[in-house]
Trainee: 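Handing you this structure, nothing more for now.
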Amino acid sequence: MTEPTPPTPDNAARPQDFVRKIVAEDLASNKWNGAVVTRFPPEPNGYLHIGHAKSICLNFGIAAENNGRCHLRFDDTNPTKEEMEYVESIQEDVRWLGWDWGTDKFFASDYFQQLYDYAVQLIRDGKAFVCDLTAEEIRQRRGTLTEPGTESPFRNRSAEESLDLFARMRAGEFDEGTHTLRARIDMTSPNLNMRDPVIYRILKATHHRTGDAWCIYPMYDFAHPISDSIEGITHSICTLEFEDHRPLYDWVLRELGIHHSQQIEFARLNLTNTVMSKRKLLMLVRDGHVSGWDDPRMPTISGIRRRGYTPESMRDFCSRIGVAKSDSVVDFAMLEHCVREDLNRRSPRMMGVLRPLRVVITNYPEGQTEMCEAVNNPEDPADGTRQVPFGRELFIEQDDFREVPPPKYFRLTPGREVRLRYGYFITCNEVVKDADGNVVEVRCTYDPATRGGDSPDGRKVKATIHWVSAAHAVDAEVRLYDHLFAAEFPDNVPEGGDFTDNLNPASLEVLTGCKLEPALGEVKPGGIPVQFERLGYFHLDPIDSAPGKPVFNRTATLKDAWQRAQKKA
RNA sequence: UGGCGUGUGGCGCAAUUGGCAGCGCAUCUGACUCUGAAUCAGAGGGUUCUAGGUUCAAAUCCUAGCACGCCAGCCA
């Protein structure tokens, strides 16, 4: 429907972040002969979220800005956690964000043989050894944050013996947990990662790509630097928690004497009213707090896509939040601002009534219908106009009528005249109630001279409200979303509780029997959200909608000064 | 009482490397308005973590503290 606009290096106007500065300096000093090669290395063990989007835009963005490449590499060294379903969704999400890895799609598992050969080299050089300690024994000897560890009794066995043992590990002779390959570094290092870290373990699990070809798998700290090296990565950008791993990253590459990319760490994204760890997101899915990874309340890429966020707004968001090394929490309002800005510019405007109240125009001829011309997008005249049917019976928003109006309430109330957008001025003169005293219908008169929405005598009305012709309305389900978590910082919870205690019970409100103008019944899936005038942006749900039975997800509300004033009062 | 890292308006980031602390978001006014939207104009908000020191001049350099984050998986 709408062509996605390709990502542009839109950071030019913004101050450069520290990573881009390093890249620029390296280019200036010709450190890598003009090459800029980055990579986005997800583990296919879950769906991508907005935090990943930050990393994706950083890595692909830097490559694009510098005429370089960004590799998509699946870090699949743990067969017990990874699945093909995730590699598919990850690719879809990166593509949706607008990035293209071209032919540079890789899997760490493609390097298993090379990795194995490098491990052998390390053993030969006396830099690694096979250790017979159990996990528990290794843990006990690791020492603590303040005390050094103690060396493994197998640390000094001969390279020949380790080589033999390693080959037998690979051949499947040993059970899981009985042997590991460890780097021989320094058990007294203040950096625990350097205390003879395990670099290979036995895992008799079927790998989603290599099947049963291997029963030993390299650890992240070994596989990652080498994968970067093999691919000729120049800048290996990762998050802060890997800072402590950099010495090990450098050690592996230095000892092997191979291409040595530079690891650079930045702070991961945090968002208010949101959790952003795969573990917690998985929990929300598994425990049924949401309908799935793509629930529109989820901060996953697939969730926000289904919610109606656009790739353009996501990229804009990522460039606005910046890249730095201090832990921080971005205000959710920043994200909303970005979607609103994009959607305001591009979304078609239409009318939909969420909570209908029947209006009968008593002086309008029964059975008559006419068409009113409505502007599709005032922000973009090229979008043209459309015809909206008008009749004697209409629906307006319940909120747009008050029998006893609060102060400064501009909308419909007995005796007051308001404008029906693109329609007529109407004046309310009668209220119909049910047995319980609820207003079920308002009866109005219209001024035929105000057709189109302007009065020839120049009289003004304070409010313009939206409406839908009852005879032509399309029925729809509309889902209103709010923050998944009521608390700004969901993890802040008293002893004994957990983040799910902060789930917002009102994060989803499902409205049925909503009344939409006919054009909204024709919206095709795959486009951008539509603005329901005065309400917000709504996105046709690609999964639950059926022909003639649209379901709309509210992407974001419009800013509402009235509501804000009400809340204050 | 280990190592690594980070502290700049409410929030996220800048500050040409020592030269009057700026931008975005948020907030609040006002204007305009056939969306209480958008737009436009404006406002408030800072002990640059603290204390010393160097200097004509410090967010930036030095010293000593403090706070916060991460690290003791055969996860990544």
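Throughout, protein chains are lettered first and strands after them, A, B, ... in sequence-line order, and every chain is numbered starting at 1. Everything numeric in this text was worked out from a predicted model, so none of it was measured.
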Trainee: B:C13 C1' sits how many Å from A:D331 CG, rounded?
Mentor: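 Interatomic distance, CG of A:D331 to C1' of B:C13: 14 Å.
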
Trainee: Out of B:C71, B:U35, B:U1, which has the shortest distance to the side chain of A:T146?
Mentor: B:U1

Trainee: Can you confirm if the aromatic rings of A:Y424 and A:Y446 lie within a centre distance of less than 6.0 Å?
Mentor: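 Centroid distance A:Y446-A:Y424: below 6.0 Å, so yes.
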
Trainee: With 3.5 Å as the limit, what N/O pairs link the protein to nucleotides 73-76 of chain B?
Mentor:
unit_1 : atom_1 : unit_2 : atom_2 : d
B:G73  : OP2    : A:R142 : NH2    : 3.0
B:C74  : OP1    : A:R142 : NH2    : 3.3
B:C74  : OP2    : A:R142 : NH1    : 3.0
B:C74  : N4     : A:L133 : O      : 2.9
B:C74  : N4     : A:A135 : N      : 2.9
B:C74  : N4     : A:G177 : O      : 2.8
B:C75  : OP2    : A:R201 : NE     : 2.9
B:C75  : OP2    : A:R201 : NH2    : 2.8
B:C75  : O3'    : A:R201 : NH2    : 3.1
B:C75  : O2'    : A:N78  : ND2    : 3.1
B:A76  : OP1    : A:T77  : OG1    : 2.7
B:A76  : OP1    : A:R201 : NH1    : 3.3
B:A76  : OP1    : A:R201 : NH2    : 3.0
B:A76  : OP2    : A:Y220 : N      : 2.9
B:A76  : O3'    : A:D75  : OD2    : 3.2
B:A76  : N6     : A:H245 : NE2    : 3.2

Trainee: Which nucleotide in the list B:A37, B:G36, B:C13 gets nearest to the side chain of A:E379?
Mentor: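 Looking only at heavy atoms from C-beta outward on A:E379, the closest nucleotide is B:A37.
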
Trainee: For residues A:M169 and A:L165, determine if any side-chain heavy atom of one lies less than 4.5 Å from a side-chain heavy atom of the other.
Mentor: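 The answer is no; the side chains never approach within 4.5 Å.
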
Trainee: Looking only at side chains, do A:E136 and A:T134 share a donor and an acceptor under 3.5 Å apart?
Mentor: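 Their side chains do not contain a donor-acceptor pair, so the 3.5 Å distance test is not met.
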
Trainee: Ring-plane angle category for A:Y116 and A:F166, please: parallel below 30°, perpendicular beyond 60°, tilted otherwise.
Mentor: parallel

Trainee: Below 4.0 angstrom, N of the basic side chain to O of the carboxylate: do A:R386 and A:E373 qualify?
Mentor: no

Trainee: Nearest nucleotide by nearest heavy atom, which residue falls closer to the 5' end of RNA chain B, A:W562 or A:K21?
Mentor: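 Looking at the nearest nucleotide for each, A:K21 comes out on the 5' side.
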
Trainee: What's A:V323 touching, base or sugar-phosphate or nothing? Going by heavy atoms closer than 4.0 Å.
Mentor: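 Sugar-phosphate: the residue A:V323, judged by heavy atoms under 4.0 Å, touches backbone atoms but no base.
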
Trainee: Which distance, rounded to the nearest 0.5 Å, do you find between the OG1 of A:T188 and the CD of A:E147?
Mentor: 13.5 Å

Trainee: Categorize A:P148 for me: base, sugar-phosphate, or nothing, with a 4.0 angstrom heavy-atom threshold over every strand shown.
Mentor: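 Answer is nothing: A:P148 stays at 4.0 Å or more from every strand.
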
Trainee: Once you apply a heavy-atom cut-off of 4.0 Å, does A:Y422 come out as touching a base, just sugar-phosphate, or nothing?
Mentor: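 Base contact.
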
Trainee: Could you tell me how far apart A:L192 (CG) and B:C71 (C1') are, to the nearest whole angstrom?
Mentor: 6 Å

Trainee: Check the interface with nucleotides 3-5 of chain B: list each N/O to N/O pair with the protein under 3.5 Å, or write none.
Mentor:
unit_1 : atom_1 : unit_2 : atom_2 : d
B:G3   : N2     : A:D244 : OD1    : 3.4
B:G3   : N2     : A:D244 : OD2    : 2.8

Trainee: Verify the neighbour count for atom NZ of A:K204: are there more than 12 heavy atoms of other residues, nucleotides or ligands below 6.0 Å?
Mentor: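 Enclosed.
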
Trainee: Classify the side chain of A:R411 and the base of B:G36 as holding, or not holding, a donor-acceptor pair under 3.5 Å.
Mentor: yes

Trainee: Quick test: give all pairs of protein nitrogen or oxygen and nucleotides 27-29 of chain B nitrogen or oxygen below 3.5 Å, distance rounded to 0.1 Å.
Mentor:
unit_1 : atom_1 : unit_2 : atom_2 : d
B:C28  : OP2    : A:R564 : NH1    : 3.4

Trainee: Parallel, tilted or perpendicular: which one describes the rings of A:F485 and A:F499, with boundaries at 30° and 60°?
Mentor: tilted

Trainee: Scan A:S328 against the nucleic acid and name what it touches under 4.0 Å (heavy atoms): base, sugar-phosphate only, or nothing.
Mentor: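 Sugar-phosphate contact only - A:S328 comes under 4.0 Å of backbone atoms but never of a base.
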
Trainee: Which part of the nucleic acid, if any, lies within contact of A:F425, taking any heavy atom under 4.0 Å across all strands shown: a base, the sugar-phosphate backbone alone, or nothing?
Mentor: nothing

Trainee: With a 4.0 Å cut-off on heavy atoms, is A:Q531 in touch with a base, just the backbone sugar-phosphate, or nothing at all?
Mentor: base

Trainee: NA contact type, A:K462, heavy-atom cut-off 4.0 Å: base, sugar-phosphate, or nothing?
Mentor: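 Contact class for A:K462: none.
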
Trainee: Here's a test of your reading of the structure: between A:R340 and A:E25, which maps to the more 5' nucleotide of RNA chain B?
Mentor: A:E25

Trainee: Using the ring-ring contact (aromatic ring centres under 6.0 Å, His included) criterion, which residues pair with A:F332? Sequence neighbours excluded.
Mentor: A:H483

Trainee: Taking syn as any angle within 90 degrees of 0 and anti as the rest, which one fits B:G73?
Mentor: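 Syn for B:G73; the angle stays within 90° of 0.
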
Trainee: Among B:G24, B:A37, B:C11, which nucleotide has an atom closest to any side-chain atom of A:L558?
Mentor: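 For A:L558, the side-chain atoms sit closest to B:A37.
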
Trainee: Describe the nucleic acid contact of A:D454 in one word from base, sugar-phosphate, nothing, applying a heavy-atom distance below 4.0 Å.
Mentor: base

Trainee: Are any of the side-chain nitrogens in A:E312 or A:R346 under 4.0 Å away from the carboxylate oxygens of its partner?
Mentor: yes

Trainee: Going by the rule ring-ring contact (aromatic ring centres under 6.0 Å, His included), which residues pair with A:W251 if we only count those two or more places apart in sequence or in a different chain?
Mentor: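 Partners of A:W251 under the ring-ring contact (aromatic ring centres under 6.0 Å, His included) test: none.
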
Trainee: Provide the Watson-Crick or G-U wobble partner of B:G42, both distances under 3.5 Å; none if there is no partner.
Mentor: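 By the stated definition (distances under 3.5 Å), B:C28 pairs with B:G42.
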
Trainee: Can you tell me the Watson-Crick or wobble partner of B:G52, both distances under 3.5 angstrom?
Mentor: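 Answer to the pairing question: B:C62, which forms a Watson-Crick or G-U pair with B:G52.
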
Trainee: Just jot down the ring-ring contact (aromatic ring centres under 6.0 Å, His included) partners of A:F266, sequence neighbours excluded, or say none.
Mentor: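 If we apply the ring-ring contact (aromatic ring centres under 6.0 Å, His included) test to A:F266, skipping adjacent residues, there are no hits.
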
Trainee: Considering just the side-chain nitrogens and oxygens of A:R534, establish if one lies under 4.0 Å of OP1 or OP2 belonging to B:G36.
Mentor: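 Affirmative; the distance criterion is met.
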
Trainee: Among B:C25, B:A72, B:G36, find the nucleotide with the atom closest to the side chain of A:H337.
Mentor: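 Ranking B:C25, B:A72, B:G36 by closest atom to the A:H337 side chain puts B:C25 first.
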
Trainee: Can you tell which of B:A14, B:U6, B:U35 lies closest to the side chain of A:S326?
Mentor: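 Nearest listed nucleotide: B:U6.
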
Trainee: When rounded to the nearest 0.5 angstrom, what distance separates CD in A:Q387 from OG1 in A:T385?
Mentor: 6.0 Å

